[in-house]
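Chain letters run A, B, ... following the sequence lines, proteins first, then strands; residues in each count from 1. We use all heavy atoms of the structure for the numbers below, so side chains are in, but hydrogens, waters and symmetry mates are not.
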Amino acid sequence: MSEAEQKMSEEQMMAKAYDPAEVEKKWYAAWESRGYFHAGDAPVEGKTPYTIVIPPPNVTGQLTMGHVLNNTLQDILIRFEKLRGRDCCWLPGTDHAGIATQTKVEAALRKEENLTRYDLGRERFLERVWAWKEKYGGKIIRQLRTLGCSCDWERERFTMDAGLSEAVQECFIRLYNRGLIYKGHRIINWCPKSRTALSDEEVIYKEERGHLWHFRYPYADGSGYVVVATTRPETMMGDTAVAVNPTDERYTDKVGKKLILPIVGREIELVADDYVEKDFGTGAVKITPAHDPNDYELGLRHGLEVINIMNDDGTMNELAGAEFAGMDRYACRKAVVAKMEELGFLDHIEDYTHQVGYSERGDVPVEPRLSDQWFVRMGPLAEPALRAVEEGRIRFYPERWVKTYRHWMENIKDWCISRQLWWGHRIPAYTCAECGELVVSKTAPSACPKCGCARMVQEEDVLDTWFSSWLWPFSTFGWPQDTEALRKFYPTQSLVTGPDIIFFWVARMIMAGLEFMGDIPFRDVYFTSIIRDDKGRKMSKSLNNSPDPLDVIAEYGADALRFTIIYIAPIGQDIKYANKMCEIGRNFANKIWNVVRFRQSKGATSADWATLDGLTAADLRPDDQWIIASLNDTVREATEELASFRFNDVSKTLYDFIWNKFCDWYLESCKPVFGGSESEREATVLRVFDYCLATFLRLLHPVMPFVTDELYHQMGFCAEDDSIMRASWPVCLSAETLAALGADAQAEALCDARNTLISNVRAVRSSYNIPNSRALEMVIAPSDAASEAFLRRDVTTLQSFLNCSSLEIRSGSKPEGPCATAVSDMATAIIPLAGIIDFAAERARLGKQEAELTKYIDSVARKLSNEKFVSKAPAAVVEAERQKQAEAEQKLARVREQLVAFAEG
RNA sequence: GGGCGCCUAGCUCAGUUGGUCAGAGCAUUUGGUUUACACCCAAAAGGUCGUGGGUUCGAGCCCCCCGGCGCCCACCA
């Protein structure tokens, strides 16, 4: 071969190591441009639809490791079902994420232009948010492509698209007309940073070490004082009573007396109410109806005055008194305590650890605030939604989340849906400025239906982000219109999401689906793991411990990341992740790459790689039968595992088959055939090899889409302009077919036993530091006739595995001269090692084996001599034990034979 | 105050319905340029499955107690 020719052939050859970057780019572009991801609106003859709607990430978000896990799982399901022949649709999109997005844009505005949203005004501010969305909004969607997600991009939706906005209005109006939406004057959770109401779910409780301040409130008649305990001194200017338990004897005769509220000087009453716990603090609690939900309720019962002393940004207003007005609530707390101390009303201070509610997005303590808000009455919606899960019409994986769901559903509270934000769906309600008449309508009424005036003013508030998300499974397909797509794709099949949004989203989608579509929104809900760093900390921006998935993909490849994350993510457990773990996936991809590289050095792909039709047991070697049986097991297991969301298991099943069975044993067994002179046999083995390859590439495709498609093409299993994506999922061979091929469980067991024999010989080599590359003379003494027959069937392969210069198979062989021996179930291997053998070491090794066997036989014998075991255990179990005993004893006898031989030698 | 999850080899974890179930990967040790792969091959060492009870012929696997870790829910100021 000339230098030029050699260079040319090297270029044609596959690279030694798999390089994912080019391959991933090439195939993703091809898949997308060829429309493989798209499902049409019209039903496809003979194909059942399979639908997943993506949990829409925040439009301003960036891909995190959590998204990687979540979306990889969805992609696996979609690709799996597509191969299984279903008409798959994975609908992608983003969420406008009201508070999160508005907060982000406001922060940028402040930083870059030193402006607030109020400086711009509502309209101009919203223009800025839309501009921001256009600029940064596509990022996470592009990142999903890098991961390989087969989303139907033609169906991409945004929660503030025109259609989805109409759905929100429709939903609001329907619920209003059913009496399930109402406007109420209540204490809600208020975020002073975002200056909006929040739902209960948006409040995160954090344990905080604070104080319990004990204040003296003097009686108006000068007869001493009562001590009240509080964690919030700054609210005392809003106190309108002090309450005690009616059965508290310490205060029985004091109830009804007047107290002077210190600092303020206002007179307040000592009231009795069951709400107060006698045993906590002093048994007397200051009552601030405007700033505590319990106090508010108590205030209603006792007709107390409500004094709001705070502004919406958490500063004090003039009702708090001139000396505190304008102060931040925490500055005010200090000032009040100082003042009380100065005035002699501070009794004492205790350390006190308690839970403080924080705004999820603003990350500041929430303020209970009395205001007018819109609410959804949840009880009637929750009831059927709970039943759907209880009755198993919707299934949760892992199932234990049902309990969490039930608990929430059974204790559900009304949902505060109005937000004092600008970014979001504006509430479709109008109030008459003249007569106060309220009209709920998609469009502004031209005149008040009651008084006829034209001054109808729309609500300023927008709706909670989740008020659009809960419609996602059907609003995205055109609801409230009765579209073809909606009829085809709803209900969807699987939902993959984190358990952290079970209340925010999953539960509410079930309620909305049943309410508006009259059907469940999805059948199966898979709750993913939470990804932590290798120290077990939750990945977060502030800790800076969250790797950028795009960096990981650049370093290891998307397939490697996908495989690794599935491989290390057990169902329902948190997972610890470090980038280095991606070596598992990278190495695996490389392994498969090299299988094809090896295969290609052996000539063209078999013409009839697609099936094993026409082959009979007589055509096949034991190793061929073994790999066919094993592959068949793998097809069955992988299918079951994917169908039951056991992603972690499927990654291990495929890894084990491909690496530990196909590469380590089958491929090695092929080498002597490929180098040999039997061309017919070679053709058959190549065909089995190709059949396995084509099968496991398809099995692996949902998890590792890129490398599998590349290799599928390399092998010519599909045309250049086609794809593994359009292939069909492997099916199990029938028992008859397997029997005809001699690829049954018995064949598998025999080959396994032979492999154990080979491993044992290798262990002997290793113990004498004899490299596997050094050929040795060997004698194999089969333990019985069946073993002997099996070993004689394919001496070529056996000899190749053992790497022996000469191989004699003769039952009853005894070592002659200096030999090492390896005793396994199938046979005893005798290896002459003149000059190397160490008799003492050999005796020690066999002695150890003898001891282990003796111990084992004892334990089995104990079991079998236990009458209770024999009488109570199932017959099959007892029989299996007897079998084990017999086998072990036979093996022990052979070990002892060797020992005797050594003793003589 | 309730509820849930976890505690298996040095590390990260598998162990479906109780009957070799004591496993994998990484790390470690030893040997290795065999017809793909050092992102590799062969072999070895390593755990009384958190503690203590119980059920059972038999328990990582079922039940109870205790101890650690974590999460969720809950209006004692």
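When the C1' atom is used for both B:rG2 and B:rC62, the distance is 25 Å, rounded to whole Å.
When heavy atoms are screened at a 4.0 angstrom cut-off, A:P672 is found touching base atoms of the nucleic acid. Across all strands shown, A:A763 has heavy atoms under 4.0 Å from sugar-phosphate atoms exclusively, and none from any base. Using a 4.0 Å heavy-atom criterion, one finds that A:K863 contacts no nucleic acid atom at all. Contact annotation for A:R586: base contact, defined as any heavy-atom pair under 4.0 Å involving a base atom. A:K286 comes within 4.0 angstrom of nothing in the nucleic acid, heavy atoms only. Among the protein residues, A:D664 comes within range of the sugar-phosphate backbone only, with heavy atoms under 4.0 Å from sugar or phosphate atoms but none that close to a base. Counting non-hydrogen atoms under 4.0 angstrom, A:K206 reaches nothing in the nucleic acid. At a threshold of 4.0 angstrom between heavy atoms, the contacts of A:W659 are confined to the sugar-phosphate backbone, with no base atom among them. A:C663 comes within contact range of at least one nucleobase, with a heavy-atom separation under 4.0 Å.
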Protein and nucleotides 72-76 of chain B: nitrogen or oxygen contacts under 3.5 angstrom:
{"unit_1": "B:rA74", "atom_1": "N6", "unit_2": "A:Q355", "atom_2": "NE2", "d": "3.2"}
{"unit_1": "B:rC75", "atom_1": "O2'", "unit_2": "A:N294", "atom_2": "ND2", "d": "3.1"}
{"unit_1": "B:rC75", "atom_1": "N1", "unit_2": "A:N294", "atom_2": "OD1", "d": "3.3"}
{"unit_1": "B:rC75", "atom_1": "O2", "unit_2": "A:N294", "atom_2": "OD1", "d": "2.9"}
{"unit_1": "B:rC75", "atom_1": "O2", "unit_2": "A:N294", "atom_2": "ND2", "d": "3.4"}

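Taking the centre of each ring, A:W659 and A:Y655 come in below the 6.0 Å mark. Residues A:F503 and A:W408 bring their aromatic ring centres within 6.0 Å.
In B:rG25 the base sits anti relative to the sugar, since the glycosidic angle is further than 90° from 0.
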Kindly list each side-chain donor-acceptor pair under 3.5 angstrom involving residues 553-561 of chain A, sequence neighbours excluded, with atom names and distances?
{"unit_1": "A:D559", "atom_1": "OD1", "unit_2": "A:F706", "atom_2": "N", "d": "3.2"}
{"unit_1": "A:D559", "atom_1": "OD2", "unit_2": "A:F706", "atom_2": "N", "d": "3.4"}
{"unit_1": "A:D559", "atom_1": "OD2", "unit_2": "A:V707", "atom_2": "N", "d": "2.7"}

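The side chain of A:K591 approaches B:rA36 more closely than any other nucleotide in the set B:rC39, B:rU35, B:rA36.
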